[in-house]
Amino acid sequence: MKIIDQYIIGGLKNMRLKFSTQKEMATALGISSMQVGQLLKNKVSHFNDDTWTRIKPILLPYIEEYIAAMPPIAMEGDCRTEILMRMLLSIPKKERDEISERLIENTLLFERHHLESAGIATGGCC
C-alpha cells in the first residue's frame, strides 16, 4: 500500500495540467476518470501496491516537477540545510523513513558515547 501524500497529490495536479481532459490523464495512468477525479479531490488515501507500481514511473516526473517548484524551506541556517531538506524530501517515503531510523539510532549511539566519555552514566531512555 502506498499512502498518497502531498507530493503525489502535487504530482497528480501537475500531470492534470498537461492533459486536455481528465479522461486523457486517466488513460495515460491506466485508471478510470472517476478515480482521477477522486485523487485530484484528495478523496483517496492510498494506492494498492499493484496500482502504485504501474503508475509510479508515469507520475514520478510530475512529482519531481512539483517538488522542484516548491518555495524554499524557511529555516534558520545556511543553504546547505535547505539543500539537505530538499534532497531528503525527494527520497521516497519508505526509504526516507529508513534513513530517519538509522539517523536516530546513530544519534543516540553518539550521545551515549559522548556521555560515557564524559564520565556520565547512561541508562535507558525515558
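The figures that follow rest on heavy atoms only: side chains count, while hydrogens, waters and symmetry mates do not. In this text, all values refer to a predicted model and were calculated from it rather than measured experimentally.
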Between H46 and K2, is there a side-chain heavy-atom distance shorter than 4.5 Å?
no
inquiry  = Would you say T51 and N48 are linked by a side-chain donor-acceptor pair, where the criterion is simply a distance under 3.5 Å?
reply    = yes
query: Would you call K93 and E98 a salt bridge, using N to O less than 4.0 angstrom?
result: no
Distance col, row I31:CD1 vs F47:CZ, nearest 0.5 angstrom, shows 6.0 Å
For L40 and K13 the tightest heavy-atom approach is O-CE, 3.7 Å
Of all heavy-atom pairs linking I8 and I3, the shortest is CD1-O, 3.6 Å
Closest heavy-atom pair, I91 versus R96, reported as atoms and distance to 0.1 Å, is O-NH1, 2.9 Å
query: Any chain of hydrophobic side-chain contacts (each under 4.5 Å) joining L39 to L60?
result: no
Rounded to the nearest 0.5 angstrom, the CD-CG distance for E105 and L103 is 10.0 Å
Here the pair of heavy atoms bringing W52 nearest to L59 is CZ3-CD2, 4.1 Å
**Prompt:** Are K23 and V36 close enough that some pair of their side-chain heavy atoms sits under 4.5 Å apart?
**Reply:** no
Backbone of S32 reached by a side-chain donor or acceptor of Q35 within 3.5 Å: yes
Closest heavy-atom pair, L12 versus L29, reported as atoms and distance to 0.1 Å, is CD2-CD1, 4.1 Å
* With a 4.5 Å heavy-atom cut-off, do Y66 and Q6 have their side chains touching? -> yes
To the nearest 0.5 Å, atom CD of E24 lies from atom CZ of R16 at 8.0 Å
Close side-chain approach of T21 to M25, heavy-atom, < 4.5 Å:
no
Do the rings of Y62 and F19 sit parallel, tilted or perpendicular, given the 30° and 60° boundaries? tilted
All heavy atoms of I67 vs all of L89, minimum pair found to be CD1-O, 4.0 Å
